[in-house]
2 protein chains.
Amino acid sequence: MVDDDTGAKPPTIYDVAAACGVAPSTVSRAFSRPGRVAAATAARIHEVAEQMGYRSNPFAQALQGSRTKLVALVASDLTNPFFFEIIRGAERAAAEQDYTLLVADVNESTEVERQALDRTAGIVEGIVLATSRLSDTSIRAIARRQPAVVLNRVVTDVPSVVTDNGRGMRRAVEHLAELDHRTITYLAGPEASWADGMRWRAAQEAGHELGLRVRRLGPFAPTIDGGRAAARAFAEARTTAVVAYNDLIAIGFMQTVQSWGVAVPGDVSVVGFDDIFGADFCSPALTTVAAPLAALGKHAVTMLVEQLSTVGLRGARTVVPRRPALLPAALRVRESTGPRPRRQRAWTPTPPAG
Amino acid sequence: MVDDDTGAKPPTIYDVAAACGVAPSTVSRAFSRPGRVAAATAARIHEVAEQMGYRSNPFAQALQGSRTKLVALVASDLTNPFFFEIIRGAERAAAEQDYTLLVADVNESTEVERQALDRTAGIVEGIVLATSRLSDTSIRAIARRQPAVVLNRVVTDVPSVVTDNGRGMRRAVEHLAELDHRTITYLAGPEASWADGMRWRAAQEAGHELGLRVRRLGPFAPTIDGGRAAARAFAEARTTAVVAYNDLIAIGFMQTVQSWGVAVPGDVSVVGFDDIFGADFCSPALTTVAAPLAALGKHAVTMLVEQLSTVGLRGARTVVPRRPALLPAALRVRESTGPRPRRQRAWTPTPPAG
DNA sequence: TTGAAAGCGCTAACAA
DNA sequence: TTGTTAGCGCTTTCAA
């Protein structure tokens, strides 16, 4: 009984070999080491393989130690436009180095993140953890098993790439100071967020140095809805200027106070953070600290691939953690900031008539 | 010479077995079939494995026929907010069915798309092709090798999930007709786009039935920049209403004509398509045909997983192509549409002073 | 240039 | 309950 096309199983090199009347190893060579097979034989093999619909089994190949040329980027929530340019940059860098980038959205769930990591870890050659919700310890454990880079967060002993939040925030506060604002409110992001800590601290420091009072409101979800909540909280304790943890909060905040008849920047100036998609076409266009999004992604993947070229696939651990790569942020002044109003207009957090 | 921790290679079941003084198969069982091993033995094995840092090799497991529980979604350009909700929906559906979704951004490049598919195909159990740039033939070839679903496009003999563009466009034209517009311009998307063909045809049909003239301008890139180009073309041949291939074009168009001093919707009404992130906070908020984004993603993954549960991992081909799943679109009326102006104001495509 | 044979790490019979 | 023995599909020596 010949095991020809008995089942629906895909053909293997054995099937191809049989059909060609050559040894399996020859078929293998015809694909992986074309030079080491007679031209005529190789041609025949390729042809037969083609029309049998032969596809090499990547698992069997990987078992032999061949590389998958895959790297993964695990993102906490792809729905957040913050990731757009990061992924774009990462994708570009990967493609340039002949890697394929696989992105996993873990939907802000530690559970799903673990799962994704488990299923993916052994398959990809390296991992970028972007805004991971995992504990530092878990992240270190992952990095111990395989090359990894953290993005937008600093974890001791793991290579990381972050925005220079300090400088960025400093620029924002300077800008507001120049517009003569005296007190600013920081609309905080999630407490678990590493970036939030950095930004809040930087705001305080900058305020201190420039003689501004800096208050903190929050935490709020890093979303447009979070911004709406922030607006409600802000109504209780107003200032002439606001710096939000991120653009989404800033946009939600603006939307809401504007719906109450508050003028931006007439009554309150608002500064966002990140310069995500949409920051330029919301109304008014948002002044924001532009994170080097594409550069972050690009840098992370480049660091990762650098390690991969050094070490082998499996059994490779993350290499010599250097100090975090700090990528520069730039203040993008648009229309949501203006001079401190002489006298604050009265307004109430209820929608105006009409 | 004991092959203990001689190299940096990760430990295998053999190492664990040796360290525990049991047979390799027992170690294997301890992990895959816990019930079939004495509790004490299992505990010891797990402990030893844990502290040796043992991780099962997914390739070896897959070679035995175990499932990877991975599905891939290949997107033409993740930077396009169109994909946000799609991915979110897909991710949810995958998680619900205990699958992990891997997203590959192919950056609008057929080359990269091929590459990604090659590297990924054998590893994931099924593939969602979202807005693929591949030819119908290539797609059919892929589907023949492995379960696949096309999203936002119809390919004969391959299961597909699409927006009901016809109904959606119909609603948009009706809306414009009710506002008394007589002639509308369709700002076309990429020629290669399946959706563009559908939308343009539907616009014509609806116009015909409702007694409106419908013109076509384009093709334009499906981006904000494309919208800017559309505005320049529109300046040469104006109408009181415009329907764009997608929201990005609509937003770019609005931005540009507004910078020329044209009022939206005062001078021209604009309708977008898709209801992407940002459509509600651009200025004016965009009236648009909301594609069932999340539902599309969810549906596609669900269809895929359905097939997977039927058939085995490798050697499974895409099953019985049914007719495309048509998901309903809804018109979202916001602020960018209004009644036809009595007389069109004069304007020129140069930025107004000031 | 080609064939034969030995694994890669794991699982699945089949015995013991 | 545990050990033994074959492979999964492929690559890679080592001979021929």
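First the proteins, then the strands, lettered A, B, ... as listed; each starts at 1. What's counted below: heavy atoms across the whole structure, side chains too, no hydrogens, waters or symmetry copies.
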*At their closest point, which heavy atom of K69(B) faces which heavy atom of E125(B), and how far apart are they?*
N-OE2, 2.7 Å
Between [atom2] on [N] and [atom1] on [X], what's the gap in Å once rounded to a whole number?
{"X": "I45(A)", "N": "dG3(C)", "atom1": "CD1", "atom2": "P", "value": "8 Å"}
{"X": "R36(A)", "N": "dG3(C)", "atom1": "CZ", "atom2": "P", "value": "16 Å"}
{"X": "Q64(B)", "N": "dT11(C)", "atom1": "CD", "atom2": "P", "value": "7 Å"}
{"X": "F59(A)", "N": "dG7(D)", "atom1": "CZ", "atom2": "C1'", "value": "18 Å"}
{"X": "L63(A)", "N": "dT11(C)", "atom1": "CG", "atom2": "C1'", "value": "12 Å"}
{"X": "N57(B)", "N": "dC8(C)", "atom1": "CG", "atom2": "C1'", "value": "8 Å"}
{"X": "K9(A)", "N": "dC10(D)", "atom1": "NZ", "atom2": "C1'", "value": "17 Å"}

*Give a yes or no on whether a salt bridge exists between E108(A) and R133(A), defined as a side-chain N under 4.0 angstrom from a carboxylate O.*
yes
_Test salt bridge (charged side-chain N to carboxylate O under 4.0 Å, His left out) applied to R119(B) and D98(A), step by step_ = CA-CA 11 Å; R119(B) 286 180 177 157; D98(A) 190 29; 2.7 Å; yes
State, with a plain yes or no, whether a side-chain heavy atom of [X] is found less than 4.5 Å away from one of [Y].
{"X": "L129(A)", "Y": "I127(A)", "result": "yes"}
{"X": "I87(A)", "Y": "T79(B)", "result": "no"}
{"X": "R140(A)", "Y": "T156(A)", "result": "yes"}

_Listed nucleotide nearest any side-chain atom of V37(A), set dT2(D), dT2(C), dC10(D)_ = dT2(C)
*When you check the phosphate oxygens OP1 and OP2 of dC10(D), does a side-chain N or O of Y54(A) lie under 4.0 Å from one of them?*
yes
*asked:* Under 3.5 Å, is there any donor-acceptor pair linking the side chain of Q61(B) to the base of dG9(C)?
replied: no
*Answer yes or no: side-chain N or O of Y14(A) and base N or O of dC8(D) forming a donor-acceptor pair under 3.5 Å.*
no
*Y54(B) and F31(B) aromatic centres sub-6.0 Å*: yes
*For DNA chain D, list all stems, counting runs of three or more consecutive pairs where every pair is Watson-Crick or G-U wobble with both distances under 3.5 Å.*
C:1-16 with D:1-16
*CG/L134(A) to CZ/R153(A) distance, rounded to the nearest 0.5 angstrom?*
7.5 Å
*asked:* Any base atoms under 4.0 Å from R33(B), or only sugar-phosphate, or nothing? Heavy atoms, all strands.
replied: sugar-phosphate
_Closest-nucleotide ordering on DNA chain D, the 5'-leading residue of T41(B) and A60(B)_ = T41(B)
*Hey, which of these two, T12(A) or A42(B), hits DNA chain D nearer its 5' end, going by closest nucleotide?*
A42(B)
*Tell me, which of residues 17-32 of chain A have any heavy atom that sits under 4.0 Å from an atom in DNA chain D?*
S25(A), S28(A), R29(A)
*With salt bridge (charged side-chain N to carboxylate O under 4.0 Å, His left out) as the test, would you mind laying out the steps for R88(B) and D77(A) before giving the verdict?*
CA-CA 8 Å; R88(B) 166 51 48 97; D77(A) 173 17; 2.4 Å; yes
